[in-house]
J.: 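Sharing a structure, written as structure tokens. Questions coming.
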Amino acid sequence: MKITVIGTGYVGLVTGTCFAESGHTVICVDIDPAKVELLRGGGIPIYEPGLEELVKRNVRERRLAFTTSTAEAVPGCDVSFIAVGTPPGEAGEADLSYVLAAAQAVGKALTGYCVVVDKSTVPVGSADEVRRVIAEVTRQPFDVVSNPEFLKEGAAIDDFMRPDRVVVGVESDRARQVMADLYAPFVRAEQPILFMDTRSAELTKYAANAMLATRISFMNEMAALCDRLGADVDAVRRGLGSDRRIGHPFLHAGVGFGGSCFGKDVRALMTTARQSGLDFDLLRAVERVNERQKRLLVEKVLRHFGGSLAGRTFGLWGLAFKPKTDDMREAPALTIIEGLLGAGAKVRAHDPVARQVAAALLEGTAELVDDPYAAAEGADGLLLVTEWNEFRQPDWVRLRALMRTPVLFDGRNVWDASRARAAGFTYYAIGRGPTG
Ligand SMILES: NC(=O)c1ccc[n+]([C@@H]2O[C@H](COP(=O)([O-])OP(=O)(O)OC[C@H]3O[C@@H](n4cnc5c(N)ncnc54)[C@H](O)[C@@H]3O)[C@@H](O)[C@H]2O)c1
């Protein structure tokens with residue numbers, strides 16, 4: 001098939017590349033000329049393990065190309081994916097304007113039957129909106145399909161190639177067949193393609209993110225209780241997750257969830273619910289717990305140092321909102337750095353891949369360094385914010401010798417408390433008991 005993908009961000013670039021890898025001809029479109037130029041020159045605008053190699057191979061084999069022009073890319077295509085951003089609007093709702101602009105541009109360029117696929121995360125009813133916008137500008141036959149994306153940044157290729165499931169909302173048999181053919185190489189009996197109506201498909205995406213966010217906030221609330229009661233949240237997590245009705249993923253207490261999706265999608269779903277006359281009380285609590293959680297580590301620092309951080313310097317490990325990505329959208333590190341600076345401290349931070357992204361966001365605030373031990377040098381405390389593998393087993397002796405005051409604030413519960421204490425550190429974590 002000939003496929004176009006509109007929007008070449010985390011989702012669009014991975015989608016386009018994986019379909020090219022399965023043998024289709026794909027043109028990726030982005031309105032950002034710098035991004036397209038970089039991609040054409042063999043560069044990759046984001047950090048995503050395995051992506052660069054896949055992009056290069058498919059470009060070389062002429063199955064994958066990049067352009068800024070939807071008008072040039074769309075004619076003759078069988079399927080056109082819309083994978084542009086849906087950022088939060090003023091009232092928390094998803095801003096559909098990028099999706100509708102992309103839909104209109106696709107509609108204007110159609111030269112024959114095409115399946116237009118909403119891959120962006122969009123509120124219930126958006127497929128109807130997209131259909132209306134396209135119908136206004138073309139007489140060509142087309143179908144609109146909702147196909148939300150569930151990939152995780154950091155494991156995006158694997159998630160796309162081996163999805164737990166593919167959700168497809170369709171309203172016509174013709175579109176259903178096209179989508180079944182397209183995803184055939186990626187689905188198995190136990191990893192099925194699930195066809196449903198478009199509204200249910202749109203809601204499934206929000207339901208999934210809201211559920212995952214709820215699990216995280218639930219565990220963070222449980223961690224707060226553990227701190228007060230002298231229990232260990234990691235023991236509780238193991239006991240809880242081993243119950244097959246519950247399972248282990250997304251039960252880690254920490255500094256709160258970040259990223260471009262959970263916060264935005266929880267807020268958008270609350271707005272959708274409110275607009276339909278339902279107060280989604282549970283999600284309000286999920287969001288409130290998360291906001292509190294992002295500030296918790298700084299509160300622990302302030303408590304340790306008696307309320308003032310003036311004249312103190314802190315090392316910070318990890319800036320990206322999670323490991324294996326350079327994405328810093330809604331990253332807890334941003335709230336933590338703001339809190340430390342606001343209390344009069346200086347911050348020296350290190351992240352294995354997010355330095356460039358961080359430099360633009362943190363200009364004139366935190367100092368960024370290339371080496372984790374340089375971040376700890378002369379520090380009054382070290383905060384672990386993102387659990388990159390390389391931070392899991394630090395050289396305690398070296399760290400102890402470098403730091404001015406040996407205090408650790410483990411925002412991800414990854415360090416061995418007894419080892420850290422044996423090496424002479426005061427150790428705080430999230431929900432690991434009264435001293436944590
Ligand atoms: N990032 C994730 O992990 C993830 C996972 C699942 C779903 N989603 C959803 O997928 C969508 C895209 O997310 P993302 O993280 O890839 O976004 P992104 O911000 O990384 O990329 C969006 C891209 O679209 C481009 N764009 C905007 N308008 C355009 C237009 N009219 N024509 C061509 N290009 C245009 C932008 O320049 C940008 O490069 C969102 O709705 C998001 O909620 C994201």
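Below, all heavy atoms of this structure are taken into account, side chains as well, without hydrogens, waters or symmetry copies. In listed order, ligands and their atoms are each counted from 1.
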J.: Pairs under 3.5 angstrom, nitrogen or oxygen on both sides, ligand 1 versus protein: list them out, please.
T.:
unit_1   : atom_1 : unit_2 : atom_2 : d
ligand 1 : 1 (N)  : Glu153 : OE2    : 2.7
ligand 1 : 3 (O)  : Glu153 : OE2    : 3.2
ligand 1 : 15 (O) : Arg329 : NH2    : 2.9
ligand 1 : 16 (O) : Tyr10  : N      : 3.0
ligand 1 : 16 (O) : Val11  : N      : 2.9
ligand 1 : 19 (O) : Arg329 : NH1    : 3.3
ligand 1 : 20 (O) : Tyr10  : N      : 3.4
ligand 1 : 34 (N) : Ile31  : N      : 3.3
ligand 1 : 37 (O) : Asp30  : OD1    : 2.6
ligand 1 : 39 (O) : Asp30  : OD1    : 3.3
ligand 1 : 39 (O) : Asp30  : OD2    : 2.6
ligand 1 : 39 (O) : Lys35  : NZ     : 2.6
ligand 1 : 41 (O) : Thr86  : OG1    : 2.6
ligand 1 : 41 (O) : Thr121 : N      : 2.9
ligand 1 : 43 (O) : Thr121 : OG1    : 3.4
ligand 1 : 43 (O) : Lys264 : NZ     : 2.7

J.: Should the pair Arg165 and Phe150 be classed as cation-pi, given the thresholds of under 6.0 Å to the six-membered ring centre and 45° from the axis?
T.: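 That pair qualifies as a cation-pi contact.
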
J.: For Phe257 together with Phe250, are the ring centres under 6.0 Å from each other?
T.: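 No, the ring of Phe250 stays outside the 6.0 Å limit from the ring of Phe257, centre to centre.
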
J.: Applying salt bridge (Lys or Arg N to Asp or Glu O under 4.0 Å), name anything that partners Glu221, two or more places apart in sequence or on another chain.
T.: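 Only Arg292 meet the salt bridge (Lys or Arg N to Asp or Glu O under 4.0 Å) criterion with Glu221.
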
J.: Just jot down the salt bridge (Lys or Arg N to Asp or Glu O under 4.0 Å) partners of Arg329, sequence neighbours excluded, or say none.
T.: Glu153, Asp327

J.: Mind listing the side-chain donor-acceptor pairs of residues 34-49 below 3.5 Å, one per line with the distance, residues two or more places apart or on another chain?
T.:
unit_1 : atom_1 : unit_2 : atom_2 : d
Arg40  : NE     : Phe66  : O      : 2.9
Arg40  : NH2    : Phe66  : O      : 3.0
Glu48  : OE1    : Gly154 : N      : 2.8
Glu48  : OE2    : Gly154 : N      : 3.0
Glu48  : OE2    : Ala155 : N      : 3.2
Glu48  : OE2    : Ala156 : N      : 3.0

J.: Ignoring hydrogens and angles, tell me if any N or O in the side chain of Thr86 forms a donor-acceptor pair with the backbone of Leu96 under 3.5 Å.
T.: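 No: the side chain of Thr86 does not pair with the backbone of Leu96.
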
